[in-house]
Each structure stands twice: as C-alpha cells, then as structure tokens.
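To start, the structure under review is shown below, and the notes come after it.
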Amino acid sequence: MLTLLFDGIAYGMVLFILSAGLSVTLGLMNFINLAHGAFAMAGGYVTVVAMNRYGVPFLAALPLAFLITAAVGLLLERTLYVRFYGRSHLDQVLFSIGLVFMAIAAVDYAMGSSQQLITLPAWLQGRVDVFGVAVGLYRSFIIAVCGVVVVVLQLILTRTRFGSRLRAAVDDQRVARGLGINVNLIFAATFAAGSGLAGLGGALGTEILGLDPTFPLKFMIYFLIVVTVGGTATITGPFLAALLLGIADVAGKYYVPEFGAFVIYTLMIVVLVLRPHGLFARAR
Amino acid sequence: MVDRRSVVVGAAAVLAGMAMAGPLPAAAADPVRVGLILPLSGPFASTGRQIETAVRLYMEQHGSQVAGRPVELVVRDDTGTADLTKRLAQELVVRDRVAVLAGFGLTPLALAAAPIATQGQVPQIVMSAATSIITEQSPFIVRTSFTAAQATVPLADWAAGNGIRSVVTLVTDYAPGIDTEAAFKSRFTAAGGTVAGELRVPLRNPDFAPFLQKAADLKPDALFVFVPSGVGAQFMKQFAERGLAQAGMTVLAEGSVTDDDLLNGMGDVALGVVSSHHYSAAHDSPGNKAFVDAFRKAGGGARPNFMAVGGYDGMHLLYEALKKTGGASDGPALVEAMKGMSWTSPRGPVSIDPETRDIVQNIYIRRVERVNGELHNVEFATIPAVKDPVKAAKP
C-alpha cells in the first residue's frame, strides 16, 4: 500500500517536472505551446547521447540536459516564438504542433526510431527497505530532485525581484513596460527556464517512461491534463495536481485494472466540472 | 497529330507481331511487380526497416529474375496507419498493377488491406502481423511471420513441465495481447497450472509500477509477459528495479519482448528471461549464420530479428510460387502454388498450411544469455511443426 503511494508520488513528480515549464508558458505567458514535449524529448536525447556516446556520468548529464534544452528553447523563443505572442491561440497551436512534427521527424532521422536506453549508475539501481516499505532507489532520487526544484521555483517566483517582475509582466504587460521592466527579456528567460525544466524532466523520465521519437505526442495529453487540472496561475497548483494524478493513476491501475487507463481522465473531468479553472485557480 | 490510318496500321502491325511471336515471350518481358507496404516512419519504423532490408537482401542473393520474369519492388510507407495502408494497397493494385501485396507491420494494417486483396484477387503476403484471425479475412492472405498464440502455447507446456505451478499473466491490452493471454491460460490450466491473476496494460502505458506491484503481491512462481517489442526494455528494467527476480519470480515472455533488435541494449536486466518464439538470431544452423552475416552487412551492422526473417521468407515463398506456376502471376494460381509449400528457412523447417494459408513452424524455448559479449536468446528446446492453435481449435 505504502509502496504504491510511493510509486505514485514518484510518477507524479516526473509528470510535474515535465509539465512545470508548460504551466509557466501557458499560465504566466498565455502562450499555448504544444511543442513543450519536444523540449522534454530533447532533454532525454541529450542525456542518452551524452551518456552512451561520450561516457558522461548520469549526474553530470542531468544539468547538461537542462542547459542544452534551455539554450535551444532560448534560441527558438528569440527567432520563432516571439513572433507568435500577439497572435491568436489557433495560430499558436498550429505553429507549435508543426514544430512537434518537425522535431519527431528530425529525431527519427538523426537517432532512429527505436527505444533509447540508458544504464543508471549502480547506486541508483534496485530498492531498499525503509520501515518495512520497499522503496526504489531511483524513484527516491527523482522525488528528491523534484522536491528541490519545486522549492526553488516557488522561492524564485515569490521571493525574488525577478519573480515579482515576471508576475507584473504577466498581470499587465503594458503597465509593466511603462514601469521600465524589460518584458521581452523576462519572457525569454522564463521560456528558456521552462524549456530547460522540460529537458530535465525528459532526462529523469527516460528510465521510467521510455524515450523514442513519438515521445512529445505520447505525453502531450499528460502535460495538458496536469496543467488544466492544476490551474495555470501558480506553481503549487500543477505540483499538487501532478501528485494527485500520479497517485490516482498508479492506484487506479492497481485496484481497478479494467478501468485503470481511464482513471486520470475521469479525475480530470470531475475536477473541471467542479472547478473549471483548475484546482487552484486564482480568482479572476 | 497522328492520323487515323497510321494508328490502324500500327495496331495491325503490333497484332501481327504478337501473333507471330506467340503469347509467352510477350509475357516474359512483363515484370512481376511486388507492392511492399511497410511502416518506414513513425513508431514502428524499425519493423519496416528490418523487413525492407531482408526483402532486398533476398532479391540481391537470388537475382531479380524468376521463371523468366523480372521481379520489381514497389516500396510504400504507411507510417503504421491503417487507413493509409488501405489507400496505398488500392493504388498499388489499381494503378501500379502489382501482382502481389506484401509487408504489413501490424494487425490493423494487414486487416485494412484484406478487402483489397480479395477484390483485386491479389495475393497478400503478411510478413509481420501476428493476430490469428488475419488469414481468415481473405482467401488471398498467406502468412510468413507467426501467430502470437502459436509462439505462446509451447511456453505454457514448458512452464507446466518445469515445476511452475502458478502464473500471473501481464499482457498489453490489444488483439495480439489478448490472443496470447487466452492461449497461455487455456493451455497452462489444462496442464494443471493455475493462473493467479490476469493483468492487462493499456497500449500507451508509460509506467508498469502498479501492474508489477500487483504481480508481486500475488506471489506467483512466474510472470508471463507479452508487450510490443519496443516496450520490452522498459518492462524488463522496471521488473529488475522491483527486485522481483531476487524474490524468485521467473519471467516467461512471448519472444517479441526479447526482440533481437533491442535485446543487447536492455543490459543485464534481461539475463535469464525464458521466452518462446520462432526465430532467434542465435539459432544454430549454417543457413542462419549465413543469413545473419549477410543481413549485418546489408543492414549496417544491425542484427536481424523475427520481422526480418518474416520478410526474407515471404520473398522466398513468392519466388518459389512463381517457379511452380512457370511465371504465371495471376492471384489464384499463385496462392494455390503457395499452399503446402515447405522449405528450410534461417529459422528452421517451415511450411504453409494448405487449409489456413498460415505458417507451420518450429517454436523454440530460449533463455537470454551472454554470447561473445552480446545478449542473445539461446535456444534450448524445440517444439517441432506448431500450427496456429486458435484456428486449429475451431471446427
């Protein structure tokens, strides 16, 4: 039972890291970026290439995945995304889904379509007993990393000058500009950080979720569910939503396997019927 | 402008020429077109690549002339989408006038093309898809791959005969998965074993944790697994992570799980998995060694898997059928020639069942071991000439 809860939390944590960037772009910047999964995939492939081809240790590959994906995100934001901030949501959707298909084809061409595998260091393999509960080492590692990320994100957003500027830029762009805040710079940095987080999520998720060129399409639904259920206004919303969904998914598949695949969708519908703006929406 | 008279004269000359030369040489110059429909992009592209490499390898080794007729390959990519397969099959039959349709990476793709094969009276050689019902969908379908149940039933016998009393089944929730689950269960319970639990995993399932936890709680002697080949690696990793092997649980797998194409990348977690299938790249025969070497050369070092051997044998079947008909390529004659055909494939002796047009072949029980530094499915028991049990059970 507790093992189940633990697995659910680890799964939810991976979901959160993967979707955190999306909740930032969607919620804070009001941009529908369906290509978010492509950044996660990029992070996964950076890890695979770094580890398998250049022998980079796993722990060093994780920051590498974050940095390279963030750099790619920044480049694309400056060259492409910036032109779409003012456009309608339909344009944004068409643009980003096109980007997804291009990413899939490019990765397929460069890396082949098969599943990519990494080998974890020995100290992350296997499981240990903690007070009678069997706990997977890698899953504990994920929970630890994600926990740190959540705290850091929350602190940046609420306690730093950058965070307050970002919130100001989102609340009212024109006034923020008028006050001398460099909105473009803030958006670019935020977008890069969001992409980097997705890359980190992809790197961490490779072992659990698998990695092949269809990754962005396979998990697009999951990202969107986490963000819609959590509401897009805060970091804590998607975080709690991801945990809830992770635990519900694992428990659903364990206790009612016939219905297992539908549990998270049902949960999403129930939440959205009760609270159309998500669990933790700000009053608008 | 060409005036009417010259057309008439020309036509008359051609007719006269044909009458003098007789009909056979005219047909001899006419190529036999083979429409090969495969998923060459998208998630199942590795299937397509394996089959295409094998088919081209066969043609390279055996020449592109059979019974006096050149064989032409027309390759189309269906991306693994059934409606596209159907459209491509239609185009190939109607516009390109192919004599044979071949390929078909997945069950829905083979099913989508079946009505075209029937209406066009074109043989459809299924080189990969593995659901039992496929060959029943058209009298023109002939299969050179395998059926999931065919590969599974011998494993149930082996388990029952080797001290495994209780099993939990874990299959992917789609037609071949349900086929294998039913086949394994009925055979294993008939042999006195018990199935303690039947777990079905959704097709797009990222995390096996809850299912493996359930299996662990049921404490069976062994876990029977069927998942599509790409997911096998993920499954094995999570199985190992949970420490189920140390807890004494054996993995019994349908052979797709330890697909030769991916097996080596799975790492040591796959060691000791017992599986049953019709082909292993480690199959010990001179014919297979030659095939594996030639394939590695043609495929840029890749190891051939069971998809490749299905493609290779599919071409062999077509070549032999053309020899038997003396080059005649009309559909009913070709299918008739294919029925009952038997030959020695890289996988061992095989034949086409004349009643069901499905393949009859040896099934091997294998264990994953390290051979010359690479992981291989090493065969240690053979069940000769296995027919598809699902169709055999029907009256």
Side-chain angles (χ1 to χ4, degrees), chain A residues 1 3-4 6-8 10-12 14-15 18 52 104-105 108-109 112-120 124-129 134 136-139 205-215 217-219 221-222 246-247 249-263, chain B residues 39-50 79-80 170 173 197-217 228-238 240-247 259 261-270 300 302 305:
Chain A
M1 174 61 207
T3 309
L4 212 59
F6 172 78
D7 286 336
Y11 185 43
V14 175
L15 282 184
L18 282 169
N52 295 353
I104 290 175
D108 196 357
Y109 179 77
S113 61
S114 56
Q115 282 278 343
Q116 302 290 332
L117 304 167
I118 55 171
T119 310
L120 291 175
L124 280 178
Q125 287 178 10
R127 52 177 22 202
V128 285
D129 266 355
L137 284 174
Y138 185 60
R139 284 171 201 255
T206 302
E207 178 73 8
I208 289 187
L209 308 175
L211 182 69
D212 63 50
T214 56
F215 185 91
L217 287 181
K218 253 196 262 182
F219 293 99
I221 305 285
Y222 287 83
I247 293 167
D249 194 39
V250 169
K253 282 172 179 162
Y254 182 86
Y255 289 110
V256 275
E258 305 79 26
F259 191 64
F262 305 104
V263 169
Chain B
L40 289 166
S41 56
F44 303 100
S46 68
T47 303
R49 275 186 208 134
Q50 284 270 349
T79 73
L170 186 153
D173 196 358
E198 293 159 58
L199 308 173
R200 288 185 183 173
V201 182
L203 192 51
R204 290 208 157 172
N205 180 64
D207 189 6
F208 287 99
F211 301 100
L212 285 171
Q213 191 56 43
K214 189 108 191 172
D217 294 348
S229 67
V231 192
Q234 241 165 294
F235 171 81
M236 285 315 306
K237 287 197 162 195
Q238 296 191 14
E241 186 201 336
R242 231 144 253 280
L244 296 181
Q246 288 91 313
D259 182 353
D261 210 12
L262 298 167
L263 179 58
N264 200 36
M266 286 187 202
D268 289 346
V269 292
N305 66 0

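Below, chains carry the letters A, B, ... as their sequence lines are ordered, and counting in each starts from 1.
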message: Please determine whether the number of non-hydrogen atoms from other residues, nucleotides or ligands lying under 6.0 Å from atom OH of Tyr255(A) exceeds 12.
response: yes
Nearest heavy-atom approach of Leu209(A) to Gln234(B) is O-NE2, 3.0 Å
Note: Ile208(A) and Gln238(B) closest approach over all heavy atoms is O-NE2, 3.0 Å
What one should report as the nearest heavy-atom pair of Lys214(B) and Tyr254(A) is NZ-O, 2.9 Å
Okay, Asp268(B) and chain A: the region with an atom under 4.5 Å from a heavy atom over there is neither
Shortest non-hydrogen pair, Val250(A) vs Pro210(B), comes out as O-CB, 3.1 Å
Of the listed Arg200(B), Arg49(B), Lys237(B), the one with the largest count of heavy-atom pairs under 4.5 Å with chain A is Lys237(B)
